[in-house]
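Working notes for the structure below.
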Amino acid sequence: CSTGFYMANNRGIFGKITSRFSDNTREYVYLHFAADFNDHPTDLITGRSMKGTYECGGVEGEDGNGGQRDVVECGYLNNILKGGFVYLLLYMSTMIAAMRRGFRCHNALGKASAWMLLFQMTDMVYFGIHSFNLKSYMLWMLVAICFNRTLMQKTDDELRNMLYAPKPELPKWKQ
């Protein structure tokens, strides 16, 4: 259904996507990012803050500020832009520690959490930019699950009993 819709509209609605599908648009941005940080190497340590930008000549910024962009479409580079290697190291060490705990646990919940965190780390190579949304909330919940010793020590049966145990009847309202 969706493939048919795309094929019927690949010259109209999806014309720009279809025409630029094979264009290498990221290399230009990455080179400008590297060149701008090369001019200011101390920014690599602590980044340029949450509103930090970098010079990307020839590319109009999101808010029309002539060549200054505030996002790099690679999650790892965007973390360096916003918080430098300090932030990237803290982020990666937290994720890796959570994944290690998740893969070593005794239940499927922890292993699934670790696999989803691994997918996020892989996704950050090509995109994976963090923002304040439901996905980020879920990722940090997965980290919390992996660091919860009580959950990680339970077996699948114990978790199932804990989650699906019959609940006592709700109290009746006084009349």
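Sequential numbering from 1 along the given sequence is applied to the chain's residues. Fair warning: this is a prediction, and the values are worked out from it, not measured in the lab.
- Under a 4.0 Å N-O distance rule, the pair Asp123/Lys135 qualifies as a salt bridge.
- When all heavy atoms of Gly110 and Cys146 are compared, the closest pair comes out as O-SG, 4.2 Å.
- By the rule that hydrophobic residues join a cluster once side-chain heavy atoms approach within less than 4.5 Å of another member, Leu139 and Leu89 end up as members of separate clusters.
- Using a distance-only test at 3.5 Å, with no hydrogens or angles considered, no donor-acceptor pair links the side chain of Tyr91 to the main chain of Val86.
- For Val71 against Tyr54, the heavy-atom pair with the smallest separation is O-OH, 3.1 Å.
- Note: His106 NE2 to Lys111 NZ = 8.0 Å, rounded to the nearest 0.5 Å.
- Side chain to side chain, Asn133 and Ser131 meet the donor-acceptor criterion of an N or O pair below 3.5 Å.
- Cation-pi check for Arg69 over Phe33 is not met; the charged atom does not lie both under 6.0 angstrom from the ring centroid and within 45 degrees of its normal.
- Heavy-atom neighbours of Met138 CE from other residues, nucleotides or ligands within 6.0 Å: at or below the threshold of 12.
- At a threshold of 4.5 Å between side-chain heavy atoms, the hydrophobic network of Ile, Leu, Val, Met, Phe, Trp and Tyr places Tyr126 and Tyr76 in one connected group.
- Atom-to-atom distance recorded for Trp140:CH2 and Leu117:CG is 9.0 Å, nearest 0.5 angstrom.
- The CZ atom of Arg101 sits 13.0 Å away from atom OG of Ser113, with the distance rounded to the nearest 0.5 Å.
- Residues Met124 and Cys74 come closest through the heavy atom pair O-SG, 3.6 Å.
- Smallest separation of non-hydrogen atoms from Gly128 and Gln120: O-NE2, 3.7 Å.
- Taking the side chain as every heavy atom from C-beta outward, Asn107 and Glu158 never approach each other to under 4.5 Å.
- Side-chain contact between Phe132 and Tyr137 is absent, with no heavy-atom pair separated by less than 4.5 Å.
- You'll find the side chain of Leu109 stays beyond 4.5 Å of the side chain of Lys154, heavy atoms only.
- The shortest distance between side-chain heavy atoms of Arg48 and Asp36 falls below 4.5 Å.
- Within the 4.5 Å cutoff, the side chain of Arg100 has heavy atoms near those of the Ile96 side chain.
- Although no hydrogens or angles enter the test, the distance criterion places a donor-acceptor pair under 3.5 Å between the side chain of Ser93 and the main chain of Leu90.
- Residues Phe119 and Met92 fall into different hydrophobic clusters, defined by Ile, Leu, Val, Met, Phe, Trp and Tyr side chains chained together at heavy-atom separations under 4.5 Å.
- A single hydrophobic cluster is not seen to contain both Phe147 and Met141; linkage of ILVMFWY side chains at heavy-atom distances under 4.5 Å, directly or through other members, places them apart.
- Within the 4.5 Å cutoff, the side chain of Asp70 has heavy atoms near those of the Lys82 side chain.
- At a threshold of 4.5 Å between side-chain heavy atoms, the hydrophobic network of Ile, Leu, Val, Met, Phe, Trp and Tyr places Met121 and Val125 in one connected group.
- The shortest distance between side-chain heavy atoms of Asn78 and Glu73 does not fall below 4.5 Å.
- In this structure, the separation between CZ on Phe85 and CG on Asn79 is 11.0 Å, given to the nearest 0.5 Å.
- Rounding to the nearest 0.5 Å gives a distance of 12.0 Å between OG1 of Thr46 and CD1 of Ile80.
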(request) Given side chain to side chain contact (heavy atoms under 4.5 Å, CB included), test Arg160 with Thr155 step by step and report yes or no. (result) CA-CA 9 Å; Arg160 192 174 299 110; Thr155 64; over 6 Å; no
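- Taken to the nearest 0.5 Å, the CG atom of Asn161 stands 6.5 Å off from the CG atom of Asp157.
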